[in-house]
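Working notes, beginning with the structure itself.
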Amino acid sequence: MAGGQGSRLGSSAPKGCYDIGLPSHKSLFQLQAERIARLQEVAEKEAGKPAGSVVVPWYIMTSGPTRKETEAFFNKSKFFGLNPKNVTFFDQGEPGRATADGLSLTANRAGTLPCLTMDGKVLLDSTSRVAEAPDGNGGLYAALRAPISSSDKSRTVLSDLADRKVLYVHAYAVDNCLVKVADPVFIGYCISKQVECAAKVVPKTLPTESVGVFARRGDKFSVVEYSEITKEQAEQRDPRTGELAFRAGNIVNHFYTTTFLQHTEAFEEELAFHIARKKIPHVDLESGQGVKPAKPNGMKLELFVFDVFPFTKHFAVFEVARDEEFSPLKNAPGTGSDDPETSRRDLLSQHRRFLERAGAVVKDGVEIEISPLVTYAGEGLEAVKGKTFTRSGVVSSVEELDVLAA
Ligand code: UTP
C-alpha cells in the first residue's frame, strides 16, 4: 500500500521513495525489493531449484498523487534488480477516473474523493478544481479487480494472481522500514491455521499509545481505533499477566487467501467511510490565494484496509516483536517518534542484533548496515561468528562483512 500522501511526513515525493538517512541512502522501496530478491534466493536454495525460478510477485498500490513518481523512481533505479515483469503498479480505484469522477462517493469509485471543510463543505484546490485526496488504503479491495491499465481492460491484479496461481497474499504499508515482505513464517502460520485473513500485531505497551487494537465486537473481528476506545478499556489489564487487556496493536500487515480477496466485492457496499481530520491545502475563496494550513482544517473520507475484518469467519492474529518488525515512518524529521531518525535507528539496531546473534561483537558506536540481499532475517551470517567489528560501514556481501571485521 503506497498510495498515501504522507501529509504528516511533509515530503512531496511518495513515501516509498523516501531516504531515511541510512549510510547506503536506500529508499524504503529498495529495502523491500532487496528483501524480495533475497527471499526468492533462499527459497530456491531451500527447494533445490535453479536461480531465477522462484518468483515473489510484487503489487504496488499507488494513487493519483503517487503513481507517476513511483513508477519513474522504479524505472530510474532499474527495479532494484528485480524483473520488471514481476512488479505491477496499480491504482486505488479505476485508472483514468480519478479526476473525472471525484465527486461520486459510491458509483464508479474513483480512488480519490473530495476533501471537505470541518462543516462538510467541499474544499477547492484551485479556483476551478475540487481538492481531492486518496480514498484510504481500504481502496485496495476494489482496486484489485479494476483494470491495471486502460489499454487492457481484462488484466487486473486478481486475474494476474490467478494466472500465476498465487494462493496467498501478504499486504503491508510501505512506510515500515522493518517490514518482512512475504514473511514465510507468517504465511506458514496462517496456512497451518487455515484462515482466510490474518494480521500481524505488536504488543501495545502504554494505554495512551495511538495505535488501534484488535478486538471482537460481538462475534466479529475488528480493529478498534485509539479514538474509539474508552480510557477504562485502554487501561484494563489481564489479571493473570498484568499486560494490557487490549494489546494487540495493529501494524497494517496482513495475510489473505486469494480466494478471500476475490470475494470482497460481495460486502464492499457495506463498508463505511471514516473521517480523517488533516491539513488540507486549498484556495482561499475570497482572495484566490493558495493556503497551506499549519493545523488540521478539513476532513478526508477514507476506507480503511481493516474494514473487511468483521466480514471474515476464519481470522488469526500473529504477535511479533516490535523491534524486529515495526518502525513506521509517519512524522516529519525531528519529531522524535515514528520519523526518519527513528526508522534509521531501528533498522541499524536490528542489523547490530543480527551480527550479535550470529556470534560477533560489535563495538559501541559502530554502525553496520547489511544489505537485505545478504540476509532477510539474520540468516546466513555464520561467517561472522567470533569476529569483532570496530568500524562502521555498509556491506552488500558476506565477503564485505569479513573485510569490515578484519
Ligand atoms: P497512513 O494512514 O499512515 O497515511 O497510511 P499516509 O498517507 O502514509 O500519511 P498521512 O496520514 O497523510 O500523514 C498507512 C499506509 O496506507 C497507505 C500509505 O501509503 C501507507 O503505506 N495508504 C494510505 C494508501 O495506500 N492509500 C491511501 O489512500 C492512504
Side-chain angles (χ1 to χ4, degrees), residues 1-18 20 27-29 31-32 58-67 69-71 73 88-94 98 102 105 109-115 131-144 146 157 170-179 181 199-200 210-212 223 225-227 249-254 271 273-281 292-308 325-333 335 337-340 342-343:
M1 284 165 267
Q5 283 176 307
S7 46
R8 286 167 288 172
L9 179 62
S11 155
S12 56
K15 253 192 203 175
C17 309
Y18 201 86
I20 55 172
S27 60
L28 294 170
F29 277 135
L31 294 171
Q32 293 160 23
W58 196 15
Y59 300 90
I60 299 177
M61 183 171 83
T62 52
S63 59
T66 64
R67 173 60 180 259
E69 245 185 294
T70 304
E71 230 172 333
F73 189 71
T88 304
F89 300 96
F90 67 105
D91 277 335
Q92 292 176 216
E94 293 176 53
L105 286 188
R109 293 224 3 268
T112 57
L113 285 171
C115 300
E132 292 177 21
D135 61 0
N137 51 24
L140 169 73
Y141 304 101
L144 297 179
V157 174
H170 175 228
Y172 64 91
V174 72
D175 53 12
N176 176 14
C177 64
L178 296 178
V179 66
V181 184
K200 270 193 186 179
S210 308
V211 58
V223 172
E225 281 285 68
Y226 56 88
S227 51
N250 174 29
I251 60 169
V252 198
N253 194 320
H254 307 150
L271 305 181
F273 287 97
H274 299 257
I275 289 175
R277 293 187 168 78
K278 303 246 170 147
K279 295 178 246 180
I280 303 167
K292 274 206 158 167
K295 53 181 187 35
N297 63 312
M299 305 187 282
K300 292 183 181 178
L301 298 178
E302 296 188 356
L303 286 177
F304 290 163
V305 69
F306 56 71
D307 288 335
V308 303
E325 302 216 19
F326 187 55
S327 179
L329 176 63
K330 298 290 179 196
N331 303 318
T335 313
S337 72
D338 299 345
D339 64 13
T342 56
S343 298

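When a ligand or atom number is given, it counts from 1 through the structure's own listing order.
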Distance under 4.0 Å to a non-hydrogen atom of [X]: what atoms of ligand 1 satisfy this?
X      : result
Met61  : 25 (O)
Lys15  : 6 (P), 8 (O), 9 (O)
Lys278 : 10 (P), 11 (O), 12 (O)

Heavy atoms only: give me the nearest [X]-[Y] pair and the separation to one decimal.
X      : Y      : result
Leu140 : Met61  : CA-SD, 3.4 Å
Asn176 : Ser327 : OD1-N, 3.0 Å
Glu132 : Thr112 : OE1-OG1, 2.7 Å

- Whether over 12 other heavy atoms sit under 6.0 Å from Tyr226 OH: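 No, OH of Tyr226 has 12 or fewer neighbouring heavy atoms, counting only those of other groups under 6.0 Å.
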- Query: Ala2 near ligand 1, heavy-atom distance under 4.0 Å?
  - Reply: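 It does; at least one heavy atom falls under 4.0 Å.
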- Message: So for Val174, does at least one of its heavy atoms come nearer than 4.0 angstrom to any atom of ligand 1?
- Response: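 For ligand 1, residue contact (heavy atoms, under 4.0 Å) with Val174 is present.
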Considering only non-hydrogen protein atoms, determine which one is nearest to [atom] and report residue, atom name and distance to 0.1 Å.
atom                    : value
atom 3 (O) of ligand 1  : Lys330 NZ, 2.6 Å
atom 16 (O) of ligand 1 : Asn137 ND2, 3.1 Å
atom 19 (O) of ligand 1 : Gly4 N, 3.0 Å
atom 17 (C) of ligand 1 : Met1 O, 3.8 Å
atom 12 (O) of ligand 1 : Ser7 OG, 2.6 Å
atom 26 (N) of ligand 1 : Gln92 OE1, 2.5 Å
atom 15 (C) of ligand 1 : Ala173 CB, 3.7 Å

- Aromatic plane relationship, Phe306 with His274 - under 30° parallel, 30 to 60° tilted, over 60° perpendicular: perpendicular
- Counting only heavy atoms, which portion of Glu302 has something under 4.0 Å from ligand 1: side chain, backbone, both, or neither?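 Within the 4.0 Å criterion, Glu302 makes no contact with ligand 1.
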- Note on the structure: Logged contact type for Arg8 with ligand 1, heavy-atom cut-off 4.0 Å, is both
- Carboxylate-amine/guanidinium contact Asp175 Lys330, below 4.0 Å: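 Result for this pair is yes, salt bridge flagged.
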- Query: To which of Gly3, Gly6, Pro328 does the heavy atom nearest atom 9 (O) of ligand 1 belong?
  - Reply: Gly6
- Message: Tell me the nearest of Ala171, Gly16, Gly136 to atom 28 (O) of ligand 1, using heavy-atom distances.
- Response: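 Going through Ala171, Gly16, Gly136 one by one, Gly136 has the nearest heavy atom to atom 28 (O) of ligand 1.
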- Intermediate values then yes/no, side chain to side chain donor-acceptor pair (under 3.5 Å), Gln5 and Lys300: CA-CA 12 Å; Gln5 283 176 307; Lys300 292 183 181 178; 2.9 Å; yes
- Are Phe326 and Lys200 close enough, and set up right, to give a side chain to side chain contact (heavy atoms under 4.5 Å, CB included), and what steps lead you there? CA-CA 10 Å; Phe326 187 55; Lys200 270 193 186 179; over 6 Å; no
- Heavy-atom check, side chain of Met1 versus side chain of Val252, under 4.5 Å: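 Heavy-atom side-chain distance check passes, below 4.5 Å.
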- Item | Option from Val174, Ile251, Asp338, Thr342 for which side chain to side chain contact (heavy atoms under 4.5 Å, CB included) with Pro328 holds |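 Filter result, single survivor: Asp338.
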